[in-house]
Amino acid sequence: MYRKKIVFLLVIALILTGCTRIDSNIDNIISATMNKEIKDVNTVSTGYELYIPIGVMQLVDNEYNQKFEIRDTHVYLYVDTISYYYKNSLNYKNIDSYNYYYKEISLNNKTGYVGVSKLDDGSFFVNIVYNYSKIEFYTNEENLPFIISNSLIIINSIKFNDNLIKIELEKITSDNREVKYELDKPDDSKSTFNQYLQEFVDEEESEVLLPDIE
């Protein structure tokens, strides 16, 4: 039954692609997707689990980093379990960075935003931050609503496992690894999404070039 609801949301996204105003479409997609509680999970990673919609291909599961393929577009996810565990307040608001669309999300004590920039070549760069997680991708206008919809379903489905995160932190500490932010309880500068996501993207670029623009 729940899978039918997910499919319904994706159908909404497909219908919206026929409208003329993409910014209005994104508003509708955010409202339709984020107001639905996603109880199903089908993927487990380090300290968290999530739901990957049908049609989305998981290419990489590197603990806190995930790489998906949606309509031949690479979508990058970073999950910040450290900041979640310590309940850090993340200073992510940067509306001036997005020249096309920006909307903050605040639901059930979870906060974040969707930011979209239109590039000179007509493609779009999308940033989605929510619940200590971040998704980034490049896409074209045609696929923009569909990929945003799928990305929101993924990021809205993330559920953390406090016990597993604690065990992982204790394991790292006992191994005497130099992870300063785990000892000091990180501030924003030490646990920034961009730092970790960029490291992941840089590693992937040795095999796959960004951006993936059709």
Side-chain angles (χ1 to χ4, degrees), residues 1-19 22 24-81 84 101 103 105 107-108 110 112-116 123-161 193 197 200-201 204 208 210-214:
M1 178 64 182
Y2 194 78
R3 290 180 180 272
K4 292 181 179 179
K5 293 181 180 179
I6 296 295
V7 172
F8 175 72
L9 291 178
L10 296 181
V11 170
I12 291 177
L14 287 171
I15 293 174
L16 290 174
T17 59
C19 301
I22 296 180
S24 297
N25 299 346
I26 298 174
D27 282 339
N28 293 331
I29 292 170
I30 292 173
S31 177
T33 307
M34 302 305 290
N35 286 319
K36 298 289 185 181
E37 181 182 3
I38 301 176
K39 297 181 180 180
D40 287 359
V41 296
N42 56 15
T43 304
V44 177
S45 194
T46 305
Y48 65 97
E49 55 187 14
L50 66 156
Y51 178 82
I52 300 177
I54 297 173
V56 176
M57 182 181 300
Q58 183 187 48
L59 301 179
V60 175
D61 179 1
N62 185 14
E63 294 186 335
Y64 314 109
N65 296 297
Q66 304 268 346
K67 179 180 177 181
F68 307 103
E69 182 175 289
I70 307 174
R71 284 192 174 179
D72 298 322
T73 297
H74 288 162
V75 175
Y76 296 86
L77 166 69
Y78 170 69
V79 181
D80 192 346
T81 57
Y84 162 80
Y101 179 89
K103 184 179 182 66
I105 306 171
L107 295 166
N108 302 319
K110 301 174 184 178
Y113 71 90
V114 175
V116 182
S123 63
F124 294 86
F125 170 71
V126 180
N127 236 338
I128 300 175
V129 174
Y130 185 72
N131 189 28
Y132 297 100
S133 306
K134 180 174 183 176
I135 283 179
E136 289 186 349
F137 61 88
Y138 293 86
T139 189
N140 57 25
E141 182 174 337
E142 178 184 358
N143 290 329
L144 181 64
F146 186 83
I147 299 178
I148 287 179
S149 178
N150 278 273
S151 298
L152 287 172
I153 290 171
I154 292 171
I155 208 167
N156 190 29
S157 73
I158 292 173
K159 298 176 178 62
F160 294 95
N161 188 315
F193 285 116
L197 188 64
F200 177 58
V201 171
E204 291 295 320
V208 181
L210 274 178
D212 289 293
I213 303 171
E214 298 180 357

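- Partner Ile30 forms a side chain to side chain contact (heavy atoms under 4.5 Å, CB included) with one of Asn25, Asn35, Ile128, Ile105 and no other, that one being Ile105.
- To the nearest 0.5 Å, the span separating CG on Leu107 from OH on Tyr130 amounts to 4.5 Å.
- A 4.5 Å side-chain heavy-atom check between Asn127 and Val114 finds every atom pair outside the cut-off.
- Under the 4.5 Å side-chain criterion, counting only non-hydrogen atoms from C-beta, Tyr78 is not in contact with Ser133.
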Worksheet item: Could you walk me through whether His74 and Phe137 pass the side chain to side chain contact (heavy atoms under 4.5 Å, CB included) check?
Response: CA-CA 6 Å; His74 288 162; Phe137 61 88; over 6 Å; no
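- Defined by atom type and a distance below 3.5 Å, a donor-acceptor pair is present between the side-chain atoms of Asp61 and Ser45.
- By the 4.5 Å heavy-atom criterion applied to side chains, Thr73 and Tyr138 are not counted as neighbours.
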Worksheet entry | Step-by-step side chain to side chain contact (heavy atoms under 4.5 Å, CB included) determination, Glu136 to Phe125 | CA-CA 7 Å; Glu136 289 186 349; Phe125 170 71; 3.8 Å; yes
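- Glu37 contributes atom CD, which lies 9.0 Å from atom CG of Asn156 (distance to the nearest 0.5 angstrom).
- A heavy-atom distance below 4.5 Å is found between the side chains of Phe124 and Glu141.
- Residues Tyr48 and Leu50 have side chains in contact (heavy-atom distance under 4.5 Å, counting atoms from C-beta outward).
- Judged purely by atom type and a 3.5 angstrom limit, Ser157 uses its side chain to pair as donor or acceptor with the backbone of Ile154.
- How far CD1 of Ile155 is from CG of Leu77: 6.5 Å, rounded to the nearest 0.5 Å.
- Here the side chain of Asn62 pairs no donor or acceptor atom with the backbone of Asn65 at under 3.5 angstrom.
- Here the CE-CD1 distance, from Met57 to Ile70, works out to 11.0 Å after rounding to the nearest 0.5 Å.
- At least one donor-acceptor pair under 3.5 Å links the side chain of Ser151 to the backbone N or O of Ile147.
- Note: Tyr132 and Phe160 have perpendicular aromatic rings, judged against thresholds of 30 and 60 degrees for the angle between ring planes.
- Rounded to the nearest 0.5 angstrom, Asn143 CG and Asp72 CG are separated by 8.0 Å.
- In this structure, the side chains of Tyr113 and Lys103 stay at 4.5 Å or more apart for every pair of heavy atoms.
- Taking 4.5 Å as the limit, every side-chain heavy atom of Val126 sits out of range of all side-chain heavy atoms of Val75.
- Two residues are said to be in side-chain contact when any heavy atoms from C-beta on lie closer than 4.5 Å; Asp80 and Tyr64 fail this criterion.
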Worksheet item: When you look at Phe68 and Ile52, which way does the side chain to side chain contact (heavy atoms under 4.5 Å, CB included) test go after all the steps?
Response: CA-CA 9 Å; Phe68 307 103; Ile52 300 177; 3.5 Å; yes
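- The line from NZ of Lys39 to NZ of Lys159 is 9.5 Å long, rounded to the nearest 0.5 Å.
- For the 3.5 Å distance criterion, the side chains of Asp27 and Tyr101 qualify, holding a donor opposite an acceptor.
- Between the side chain of Asp40 and the backbone N or O of Tyr51 there is no donor-acceptor pair closer than 3.5 Å.
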